[in-house]
Amino acid sequence: NEVLGLSRFYIAGEEVSDQLDCLFGQHPNMKEKGWNCYCDISQLDNGLHHLEVQRKLYDDNSDSYRYVMLEIPFIVDRKTN
């Protein structure tokens, strides 16, 4: 889909772009429109992880593309019985 053509996604340095399921939608609370992407994280250990998003952006000034890296921390905290 369109979001995957402009971005690459990584967890623990491993590209997971081909493992994403992305849908365009609207946030139920604030009604903001955007992409919702889901990735199976069942194989990750408990603890702190980082989702890195490499975003391809067009730069009008140089008439070329540039890449911006965003880092989103998240915690896996599964309770074991």
Side-chain angles (χ1 to χ4, degrees):
N1 59 39
E2 293 83 9
V3 72
L4 296 178
L6 298 174
S7 304
R8 298 206 186 278
F9 300 84
Y10 302 86
I11 296 176
E14 180 180 331
E15 186 171 359
V16 296
S17 302
D18 61 342
Q19 300 171 37
L20 292 178
D21 183 19
C22 295
L23 304 168
F24 192 78
Q26 187 173 33
H27 192 280
N29 182 28
M30 299 298 289
K31 306 301 183 207
E32 296 169 307
K33 294 179 181 177
W35 290 100
N36 294 307
C37 294
Y38 301 91
C39 183
D40 180 12
I41 61 169
S42 62
Q43 301 302 316
L44 295 178
D45 292 333
N46 281 351
L48 178 63
H49 299 273
H50 295 90
L51 172 66
E52 295 175 321
V53 181
Q54 183 183 50
R55 206 36 228 247
K56 183 178 181 181
L57 300 174
Y58 181 73
D59 186 345
D60 287 329
N61 295 328
S62 65
D63 191 29
S64 63
Y65 289 96
R66 63 185 175 90
Y67 292 89
V68 175
M69 184 68 83
L70 306 170
E71 187 173 309
I72 304 166
F74 66 96
I75 296 173
V76 175
D77 185 20
R78 289 186 202 86
K79 307 292 186 219
T80 57
N81 294 332

Residues which pass ring pair (Phe, Tyr, Trp, His ring centres under 6.0 Å) with His50, listed by chain and number, not counting sequence neighbours: none
Spacing of CG belonging to Leu23 relative to SG belonging to Cys37, to within rounding of 0.5 Å: 8.0 Å
Connected-component partners of Tyr65 among ILVMFWY, side-chain separation under 4.5 Å: Tyr58
Passing option when Leu51 is tested against Ile11, Leu70, Ile41 for side-chain contact (heavy atoms from CB on, under 4.5 Å): Ile11
Nearest-0.5 Å distance, CD of residue Glu71 to CD of residue Gln54: 13.0 Å
Shortest non-hydrogen contact between Gln19 and Glu14, atoms and distance: NE2-OE2, 4.2 Å
Shared hydrophobic cluster for Val53 and Leu20 (ILVMFWY, side-chain gaps under 4.5 Å): yes
Least distance between heavy atoms, Arg78 atom then Leu44 atom: NH1-O, 2.8 Å
Closest non-hydrogen atom pair, Lys79 against Asp77: NZ-OD2, 3.0 Å
Non-hydrogen atoms of Ser17 and Ser7 that approach each other most closely: OG-O, 4.4 Å
For Asp59 against Asn61, the heavy-atom pair lying closest together: OD1-N, 3.0 Å
Partners meeting side-chain hydrogen bond (donor to acceptor under 3.5 Å, both in side chains) with Asp40 (sequence neighbours left out): Ser42
Main-chain N/O of Lys31 paired with Gln26 side-chain donor or acceptor, under 3.5 Å: yes
Cluster link Tyr38 to Phe24, ILVMFWY, side chain under 4.5 Å: no
Cluster overlap Phe9 with Leu57, hydrophobic side-chain contacts below 4.5 Å: yes
Any side-chain heavy-atom pair of Val76 and Phe74 under 4.5 Å: yes
